[in-house]
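Reckoned from all heavy atoms, side chains included, excluding hydrogens, waters and symmetry mates.
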Amino acid sequence: MAGSRLEKFGTVFTRVRDLLRSGVMKPSEKPIWYDVYEAFPPTRDPRYVKIQTKPDRKKMETVSDIFYKEDEIRAKFYQIYWMGPRPFDLTKSNFVSTSQRFVKKYTELKSLGELDDSVLFEETGKALLAEGITLRRKGGPMMAARSRDPVLELKLTDMLAEVQTDGPAEIPETEQNTKES
């Protein structure tokens, strides 16, 4: 029973003394040191006192930010070409995100030539476009070559206006009979 408590609740001597007084512990089970401790008690009780210290906010060291050159490129990429929250496919071990591809191509082009960072950034976008990766600027049109098919450039309103100017379409007889009934 005495072992169930921690040392911070009284001393070992007071716990054994209380067990002997209550009759839980028999006098024959009394530890050897008990009589000596009772005859010659220490001048100061050996109590477990946890030192209460408040963390000093001034002394707390802040962890410095760790930035790599790739982080700066990636931050600028997301500033210009934010594609919205898209999940990464982490089930594939060889999955490479668009931003990581951009960083790789950027460092590759930077190692090849001496270009200004802003020009290099644009050239990286063009190089990825040549590889088939289309980047969309934030709030702007896609950074891609002109559409090859003129039908894709038509707007819905233009198509509807064209249909209305042609007049009503002729309905085959079988459809007219079903509509009249």
Side-chain angles (χ1 to χ4, degrees), residues 1-125 127-129 131-140 142-143:
M1 179 152 185
S4 65
R5 294 187 182 182
L6 296 174
E7 293 175 6
K8 58 184 170 180
F9 299 111
T11 63
V12 176
F13 174 76
T14 57
R15 286 188 280 154
V16 171
R17 181 194 64 202
D18 293 341
L19 290 172
L20 286 169
R21 285 183 186 167
S22 65
V24 175
M25 187 182 281
K26 298 175 187 174
S28 62
E29 296 174 347
K30 179 172 53 173
I32 298 172
W33 55 264
Y34 182 78
D35 291 328
V36 175
Y37 192 91
E38 191 175 31
F40 305 104
T43 54
R44 188 172 40 101
D45 279 342
R47 292 186 182 257
Y48 175 79
V49 179
K50 185 175 181 182
I51 300 170
Q52 298 289 335
T53 59
K54 293 181 181 176
D56 189 11
R57 301 208 185 265
K58 294 177 184 175
K59 289 184 180 178
M60 289 180 68
E61 291 185 29
T62 57
V63 178
S64 61
D65 295 331
I66 300 173
F67 287 111
Y68 297 99
K69 290 182 181 181
E70 297 88 27
D71 294 336
E72 294 173 7
I73 299 166
R74 194 173 283 112
K76 190 173 178 184
F77 170 81
Y78 281 118
Q79 241 178 0
I80 295 174
Y81 303 113
W82 174 248
M83 296 176 296
R86 291 185 181 173
F88 291 135
D89 189 6
L90 299 177
T91 58
K92 298 178 182 174
S93 60
N94 58 355
F95 175 76
V96 180
S97 67
T98 307
S99 62
Q100 186 60 33
R101 288 180 186 183
F102 188 89
V103 169
K104 283 182 182 179
K105 184 57 80 172
Y106 184 92
T107 53
E108 179 183 318
L109 291 176
K110 189 167 188 165
S111 65
L112 291 178
E114 299 286 327
L115 292 175
D116 184 32
D117 285 342
S118 60
V119 175
L120 184 62
F121 205 81
E122 293 296 324
E123 291 299 318
T124 305
L128 286 178
L129 180 63
E131 291 178 7
I133 300 171
T134 306
L135 301 175
R136 181 185 300 254
R137 283 192 179 269
K138 216 182 206 184
M142 293 185 82
M143 184 181 156

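Across Arg101, Gln100, Glu108, a single residue satisfies side chain to side chain contact (heavy atoms under 4.5 Å, CB included) together with Lys104, and that is Gln100.
Qualifying side-chain contact (heavy atoms from CB on, under 4.5 Å) partners for Asp65, counting only residues two or more places apart in sequence or in other chains: Phe67. Applying the salt bridge (Lys or Arg N to Asp or Glu O under 4.0 Å) criterion to Lys30, with sequence neighbours excluded, gives Asp35. Judged as a side-chain contact (heavy atoms from CB on, under 4.5 Å), and not counting sequence neighbours, the contacts of Glu70 are Tyr68, Arg74, Val103. For Pro27, there are no side-chain contact (heavy atoms from CB on, under 4.5 Å) partners two or more places apart in sequence or in a different chain. The side-chain hydrogen bond (donor to acceptor under 3.5 Å, both in side chains) test applied to Ser111 returns no partner, not counting sequence neighbours. Remark: Lys69 pairs with no residue by the side-chain contact (heavy atoms from CB on, under 4.5 Å) rule, at least two apart or across chains.
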Candidate pair Trp33 and Val12, rule side-chain contact (heavy atoms from CB on, under 4.5 Å), full reasoning:
CA-CA 11 Å; Trp33 55 264; Val12 176; 3.8 Å; yes
Between Glu123 and Tyr106, is a side-chain contact (heavy atoms from CB on, under 4.5 Å) present by the stated rule, with each step listed?
CA-CA 8 Å; Glu123 291 299 318; Tyr106 184 92; over 6 Å; no
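Side chains of Phe77 and Thr98 form a contact here, defined as non-hydrogen atoms less than 4.5 Å apart. Using a 4.5 Å heavy-atom threshold, the side chains of Tyr34 and Arg17 count as touching. A 4.5 Å side-chain heavy-atom check between Tyr37 and Pro31 finds every atom pair outside the cut-off.
Atom CZ of Phe40 is surrounded by 12 or fewer heavy atoms from other residues, nucleotides or ligands within 6.0 Å.
Nearest heavy atom pair, residue Asp71 against residue Ile66, reads OD2-O, 4.0 Å. In this structure, Leu135 and Gly125 approach most closely via the heavy-atom pair CD1-CA, 4.0 Å. The shortest non-hydrogen separation linking Lys26 to Leu20 is O-CD2, 3.7 Å. Closest heavy-atom contact between Ser22 and Leu19: OG-O, 3.2 Å.
To the nearest 0.5 Å, atoms OG1 (Thr107) and CD1 (Ile73) are separated by 6.5 Å. The distance from atom CG of Leu129 to atom OG1 of Thr124, rounded to the nearest 0.5 Å, is 12.5 Å.
Ring pair Phe121/Phe102: centre-to-centre distance below 6.0 Å.
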